[in-house]
There are 2 protein chains.
Amino acid sequence: MKVLLVEDDQFHAAYLRETVQKALPEAEEIVLARDGHQGETEARRGAIGAIVMDLQMRGRNGIEAARTIWRERPATRILFWSNYSDEAYLRGISRIVPKESAYGYVLKTASNDRLHLALRSVLVEGQIVVDREVHQFQQRQIRPVEVLTEAEYAVLVDVSLGLSDRMVAQRQGMSMRTVQNRLLSLYDKLEVERAADGDMQMNKRSRAVARALALRVINPEALETAEGELQRWLVRQARQGA
Amino acid sequence: MKVLLVEDDQFHAAYLRETVQKALPEAEEIVLARDGHQGETEARRGAIGAIVMDLQMRGRNGIEAARTIWRERPATRILFWSNYSDEAYLRGISRIVPKESAYGYVLKTASNDRLHLALRSVLVEGQIVVDREVHQFQQRQIRPVEVLTEAEYAVLVDVSLGLSDRMVAQRQGMSMRTVQNRLLSLYDKLEVERAADGDMQMNKRSRAVARALALRVINPEALETAEGELQRWLVRQARQGA
DNA sequence: ATCCGGCCTGCGGAAACCCGCAAATGCCCT
DNA sequence: AGGGCATTTGCGGGTTTCCGCAGGCCGGAT
């Protein structure tokens, strides 16, 4: 059994390697990659079936790397080990995990025992393990947003990237009015009105983005990925339009 | 000499303590705080003159903590030790550092030697030390934005929080037209138009925020702090209006 | 069958945003 | 003093956003 660690922080990497050595004595080789790209390369080369992956890394982040790895070898088991429990990360992962695979999500603040357990459950037994704190994001005393629809989330991301109503409509295949309806429900769920004491009227669109960021419904990492997709869509549109 | 470490990541804290012990043999006591609040308390209690501070911490971040510490004891020397080199952090720090004090800014990716040197230069010699990579943020292949004015930056933050033109004008003491002029120059500097291929017209306001985030001119941490100030300003306005 | 709730769509208008034009102010430099 | 140069402000109008009203489609519960 070969295990790949993808982690760009040297201290975390050292700790992780140590724990993996203890938790998985059947691992005859432990490879370390220091960002998403390296991780993809190593996974491809080493025919690796078990991965522990950090999410936040400079350059290529963990979700992007996981996507390409799973596309090439869907049975790969991946344990995500991250500092954050943002809704955006969860959404990103649950969207791309293949049916035949196992994955886990453990916070870096978890105890050594918890990490140990998760390593065995996911990488050896092939189970699905998600830290409870992650799933209901209790930490940072942030009350979870009333859950968003897929459509609402898609519109939120597009708006956060700076698309106009017309562009969102075009991209999502809706009418402009529908986009605006999604926006209305977003304004509601994100509590955009809350600060409106009297004559103070905010720019709801920007306020919604700010609230979504504050509540960690979206995060800059996810936006970066979405921006890439947007750019690709844009060139496709330009070609079609010409 | 007493040294206070403020760092919420246990692995980083362990490494930091070790390095400080080696670099500063004159330190007869090394105290560890695990977030900004604890840091303030310890600094107050221990009559501490030298601090190494992480910037990103859950709860109260390093900049907020540094501000209150410097307000109470302006001669305190603080070395910031951070993962990031965002413009927003730099701006936040240079805005609050007192004249009579020394500070430094070192990236966590710096070598042990660099950290060692910075520890001695800042905490013992009282010099100002800033990692070169930080000051011109070359990393992440992000080309720095043509530097923003203070006024532009203030408007950008307000807009990112979701304020309308009128509110920004009121808060910054400008006319609405001036706010819009600042916005125009922001749209220019942040290259908001770049994606406008043909009929694709973006929402410039939201796009500007997205660009600023992507270029790391602002970051969610700084926005969180700014949101707090905004809330305080709002209640003040409400009282005055009534 | 009927009703209910959710999502989609068009219409129309108030408000906000975006911005060119032009005049006023202030600062620096010669 | 006078000539740039940047910043501020008002005016006016084109565009976009925001949203109530009203109607259509659809799946599920009564």
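Only this structure's heavy atoms are used, side chains among them; waters, hydrogens and symmetry mates stay out. Proteins come first, then strands; the chains are lettered A, B, ... in the order of their sequence lines, and each starts at number 1.
Within the nucleic acid shown, A:Met174 comes within 4.0 Å of sugar-phosphate atoms alone, with no base atom in reach, counting heavy atoms only.
Between the C1' atom of D:dC18 and the CG atom of A:Asp188 lies a distance of 15 Å, rounded to the nearest Å. As a whole-Å value, the separation of A:Met176 CE from C:dT9 P is 12 Å. Per the geometry, CZ belonging to B:Arg207 stands 23 Å off P belonging to D:dT15, to the nearest Å. Spacing between atom CD of B:Gln180 and atom C1' of D:dT15 amounts to 13 Å, rounded to whole angstrom units. Between the CD atom of A:Gln170 and the P atom of C:dC8 there is a distance of 17 Å, given to the nearest Å. Counting to the nearest Å, the C1' atom of D:dT17 and the CZ atom of A:Arg182 are 17 Å from each other. One atom, CG of B:Leu186, and another, C1' of C:dC19, lie 15 Å apart when rounded to the nearest Å. Atom CG in B:Leu183 sits roughly 15 Å away from atom C1' in D:dT7 (whole-Å rounding).
Between B:Arg60 and B:Glu221, no side-chain nitrogen of the basic residue sits less than 4.0 Å from a carboxylate oxygen of the acidic one, so the salt-bridge criterion is not met. Under the 4.0 Å criterion applied to side-chain N and carboxylate O atoms, A:Arg236 and A:Glu229 are not assigned as salt-bridge partners.
Side-chain contact between A:Thr68 and A:His37: absent, with no pair of heavy atoms (C-beta onward) separated by less than 4.5 Å.
When distances are taken from the side chain of A:Thr178 to each of C:dC8, D:dC18, C:dC19, the shortest belongs to C:dC8.
Of all heavy-atom pairs between B:Gly36 and B:Met57, the closest is N-CE, 3.8 Å.
Side-chain nitrogen and oxygen atoms of A:Asn203 include at least one within less than 4.0 Å of the OP1 or OP2 phosphate oxygen of C:dC17.
Comparing A:Lys204 and B:Ser175 against DNA chain D, the residue whose closest nucleotide sits nearer the 5' end is B:Ser175. Position along DNA chain C of the nearest nucleotide to B:Ser206 versus B:Asn181 favours B:Ser206 as the more 5'-ward residue.
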